[in-house]
Amino acid sequence: MDKLKAINWPSLVTGKHSWIDDHFNVHSVLEDKKTVCRFFSLDFSGTQQEILSLTEAMAQSIEHYVFDEKQLANLRDEGKTPFQKAMKFFGKTNPDMDGKYGELLLYLLTEKFLNTPLVSHKLSLITNTNDQVKGGDGIFFGDYKDELAILIGESKIHQGAAGAMDDALESLNRFYDNYSAGQLGHEMFIARSNISENFSSLDDAESLYHAFTPGTEQYKGCIKAHPVLLVFESSKISSIEESAKNKDEAEQMFSDWLTGRSKEIQKLLSEKLNNYSELRKVYIDVFLMPLTNVSKFKHALYREIHGVDYVSSGN
């Protein structure tokens, strides 16, 4: 454990996602026991929240999400373009039904704001791009609350905040539910079987393997945390866009609205957690982001990745 504790985990993600600062505003961070709620918004362009620049930047990040650094280097040595290869991972699935767009944003926010690196890159985990793999939406490792932590992510993009919460908590609960206790063990097996080559230079890479092996000293010495992304729609944003005179006023109106709304959402999450006794025993760190239209966001990201709009095969 001492060697794992001595590793500077934030250094493994430093500077990777600095572009995020140009697109997101970070608002209040509310903490209650083992739950953290972090509220984000898209930066206003004039009096509108435009998603184009965000989806462009997110699309450029897909190669680091799908491949580790060694895989990227090998592709470049072979004269191949990593972005083109990563694009195939996302497939031409209907973006409204595809969970990978939320997983991508969760990866970016978790590495950026929690400073915990992704352990298993997606190439190792999925071979069929049409399959939605059951399990967590990203496995991370590092320092959380000054403790070594195993972090299993969950992302939900939903029309309403309450619906997004319900779906996320139900998904997380399967890791601790007595009737599906094998799910957590399966997740740990996936992690230790697919440890990123980005960790190969660590002094004690083997200990990282043991950290994902239930029963070992390393595993028992880690806390568990769940970074959760909740993206949901709010009609209030359109109202602000219509009323604001300029960017500063739009930002202020949004901030004023979120001051009250954030406390309501935190209270709602706390109430819903009362139905999940096991989840109150682990750390849950929630990224919340309201948008005017979640479908437009996913379709815009699809277009940036594939270069064309999504067209249903039925058309």
Side-chain angles (χ1 to χ4, degrees), residues 13-32 35-61 95 101-115 155-165 168 227-270 284-304:
V13 295
T14 299
K16 278 180 65 179
H17 312 299
S18 56
W19 61 266
I20 289 177
D21 296 325
D22 297 328
H23 299 280
F24 288 102
N25 287 324
V26 183
H27 297 272
S28 50
V29 178
L30 305 179
E31 299 196 36
D32 178 32
T35 304
V36 181
C37 291
R38 303 171 190 268
F39 293 86
F40 295 80
S41 67
L42 289 185
D43 202 13
F44 277 87
S45 296
T47 59
Q48 293 173 285
Q49 282 191 350
E50 296 179 353
I51 59 175
L52 179 59
S53 59
L54 171 63
T55 54
E56 285 179 345
M58 285 182 63
Q60 293 304 313
S61 300
Y101 300 96
E103 293 176 21
L104 173 64
L105 184 53
L106 174 68
Y107 149 71
L108 294 167
L109 296 179
T110 301
E111 287 207 338
K112 168 69 174 176
F113 292 102
L114 301 189
N115 291 307
S155 62
K156 298 296 178 184
I157 299 180
H158 205 281
Q159 286 189 318
M165 278 184 207
V228 177
L229 171 69
L230 302 180
V231 181
F232 54 93
E233 292 185 359
S234 174
S235 59
K236 183 64 177 180
I237 299 173
S238 289
S239 174
I240 291 171
E241 291 174 326
E242 292 172 8
S243 302
K245 296 179 181 179
N246 52 43
K247 174 179 168 63
D248 288 344
E249 186 171 271
E251 299 282 9
Q252 187 60 54
M253 291 172 70
F254 184 92
S255 181
D256 291 345
W257 166 73
L258 190 62
T259 297
R261 182 65 175 135
S262 60
K263 293 174 183 175
E264 294 173 2
I265 289 176
Q266 183 193 37
K267 181 181 177 182
L268 181 61
L269 178 61
S270 178
I284 297 179
D285 203 306
V286 189
F287 303 103
L288 297 114
M289 188 173 75
L291 293 176
T292 53
N293 189 306
V294 295
S295 180
K296 283 185 178 179
F297 166 68
K298 293 205 282 189
H299 278 264
L301 186 50
Y302 179 100
R303 183 169 57 249
E304 289 299 328

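Note: hydrogens, waters and symmetry copies are ignored here, and every other heavy atom, side chains too, is used.
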Verdict with reasoning, Ile20 to Leu108, per side chain to side chain contact (heavy atoms under 4.5 Å, CB included): CA-CA 8 Å; Ile20 289 177; Leu108 294 167; 4.0 Å; yes
Leu269 side chain near Cys37 side chain, heavy-atom distance below 4.5 Å: yes
Least distance between heavy atoms, Leu301 atom then Ala59 atom: CD1-N, 4.0 Å
Spatial distance of atom CE (Met58) from atom NE2 (His23) [nearest 0.5 Å]: 10.5 Å
Side chains of Ile157 and Lys298 in contact at under 4.5 Å (non-hydrogen atoms): yes
Inter-residue atom distance Gln48.CD - Thr292.OG1, 0.5 Å rounding: 9.5 Å
Value rounded to 0.5 Å, distance of CD in Glu304 from OG in Ser53: 9.5 Å
Side-chain heavy atoms of His17 within contact of Tyr107, under 4.5 Å: yes
Test of ring centre spacing under 6.0 Å for Phe287 and Phe24: no
Plane angle bin for Tyr302 and Tyr101 - parallel if under 30°, tilted between 30 and 60°, otherwise perpendicular: tilted
Atom pair OG/CZ of Ser234 and Phe254 - distance to nearest 0.5 Å: 7.5 Å
Flag if over 12 foreign heavy atoms under 6.0 Å of NZ, Lys263: no
From Gln49 atom CD to Asn293 atom CG, the distance as rounded to the nearest 0.5 Å: 12.5 Å
Heavy-atom neighbours of Lys296 NZ exceed 12 at 6.0 Å: no
Check: Leu105 and Ser155 side chains under 4.5 Å, non-hydrogen atoms: no
Flag side-chain contact, heavy atom, 4.5 Å: Arg38 against Leu288: no
Taking every non-hydrogen atom, the tightest pair across Leu42 and Glu50: CD1-O, 4.0 Å
Donor-acceptor contact present, side-chain Ser239 to main-chain Ser235, <3.5 Å: no
Derivation and outcome, side chain to side chain contact (heavy atoms under 4.5 Å, CB included), residues Val294 and Phe232: CA-CA 7 Å; Val294 295; Phe232 54 93; 5.5 Å; no
Test side chain to side chain contact (heavy atoms under 4.5 Å, CB included) applied to Lys156 and Val231, step by step: CA-CA 6 Å; Lys156 298 296 178 184; Val231 181; over 6 Å; no
Residues Glu251 and Asn25: side-chain donor-acceptor under 3.5 angstrom: yes
Pairwise side-chain contact, Val36 with Ile284, heavy-atom cut-off 4.5 Å (strictly under): no
Side chain to side chain contact (heavy atoms under 4.5 Å, CB included) between Glu242 and Thr47, worked out: CA-CA 8 Å; Glu242 292 172 8; Thr47 59; over 6 Å; no
Pair Ser255-His27, side-chain donor/acceptor within less than 3.5 Å: no
Minimum heavy-atom distance Ser18-Lys112, with the two atoms named: CA-NZ, 4.2 Å
Worked check of salt bridge (Lys or Arg N to Asp or Glu O under 4.0 Å) between Glu264 and Lys267: CA-CA 5 Å; Glu264 294 173 2; Lys267 181 181 177 182; over 6 Å; no
Ser238 vs Glu241 side-chain heavy atoms within contact, under 4.5 Å: yes
Nearest heavy-atom neighbours spanning Phe297 and Leu54: CE1-CD2, 3.9 Å
For Phe39, the option from Val29, Val26, Ile265 that meets side-chain contact (heavy atoms from CB on, under 4.5 Å): Ile265
For Leu106 against Pro227, the heavy-atom pair lying closest together: CD1-O, 3.8 Å
Test item: side-chain donor near acceptor, Asp248 and Gln252, under 3.5 Å: no
Non-hydrogen side-chain atoms of Glu249 and Ile240 separated by less than 4.5 Å: no
Closest non-hydrogen atom pair, Ala162 against Leu268: CB-CD2, 4.0 Å
Gap between atom CE of Met165 and atom NE2 of His158 - 0.5 Å precision: 11.5 Å
